[in-house]
Amino acid sequence: MASSMSGMFSGQQPPGAHPVGGPGGPGQPSFASAAPRTQGSNTLVDELEASFEACFASLVSQDYVNGTDQEEIRTGVDQCIQKFLDVARQTECFFLQKRLQLSVQKPEQVVKEDVSELRNELQRKEMLVQKHLTKLHHWQQVLEDVSGQHRKPSDLPPPGPLAFLEQASANLPPAPLKPN
């Protein structure tokens, strides 16, 4: 998998992306902290980071804070955000292409990941069901305790999951009718 990701760091771009090359050369990773940025040698990750920083810089810049032309400020911020979104789309496209390559080269890996995700989801849902069952038993016990204090032993309803609610609702006065 690491070798299939080398394209992102060596200048390989998705179709329609701006050509950039990494300072480490082909096949060698180029991270932002590993080498200083130079014009024309940014990787896709470097461009994404730079455009993200530019978004914040445009929002906190003194030029914008002291500026009087709101339309100019809005245009500058919009351009920075649009650049960030464009680079983010290129990055997403890159990872989708790598995912497609992986699914073609190793389809069993994709199936294993899907099975693992489904198991995790099933486990999470089982825990949620257990949590709700615990709460249900607690409130059934509370309802039983409350209704048991107001009844004689001969008034006990037949056992069942809704028996407590049926008995409690039978003791309630009828609701007043609303005038139309």
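Side chains of Q90 and D86: a donor-acceptor N/O pair is absent below 3.5 angstrom, by distance only.
Membership of the apolar cluster around V111 extends to V115, as traced through chained side-chain contacts below 4.5 Å between ILVMFWY residues.
L44 and F95 end up in the same hydrophobic cluster when Ile, Leu, Val, Met, Phe, Trp and Tyr side chains are linked at under 4.5 Å.
Atoms CZ and CG, from F94 and L48 in turn, are 12.5 Å apart once rounded to the nearest 0.5 Å. Considering CD of E108 and OG of S103, their distance stands at 11.0 Å, rounded to 0.5 Å. Atom CD in Q109 sits 10.0 Å away from atom CG in D114 (nearest 0.5 Å).
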Taking only distance into account, with no hydrogens and no angle test, what donor-acceptor pairs under 3.5 Å do side-chain atoms of residues 124-135 form with protein atoms, sequence neighbours excluded?
unit_1: K125; atom_1: NZ; unit_2: E121; atom_2: OE2; d: 3.0
unit_1: T134; atom_1: OG1; unit_2: Q130; atom_2: O; d: 2.8

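Listed by chain and residue number, S116, Q123 satisfy the side chain to side chain contact (heavy atoms under 4.5 Å, CB included) test with N120 (two or more places apart in sequence, or in another chain). Residues meeting the salt bridge (Lys or Arg N to Asp or Glu O under 4.0 Å) test with E113, sequence neighbours left out: R99. Shown here are the salt bridge (Lys or Arg N to Asp or Glu O under 4.0 Å) partners of D78, two or more places apart in sequence or in another chain: there are none. For F52, the ring pair (Phe, Tyr, Trp, His ring centres under 6.0 Å) criterion is met by F56, F84, not counting sequence neighbours.
Taking every heavy atom of both residues into account, V87 and S51 meet most closely at CB-OG, 4.2 Å. Scanning both residues, V77 and S58, for their nearest heavy atoms gives CG2-OG, 4.0 Å.
Using a 4.5 Å cut-off on side-chain heavy atoms (C-beta onward), E49 and E53 make contact.
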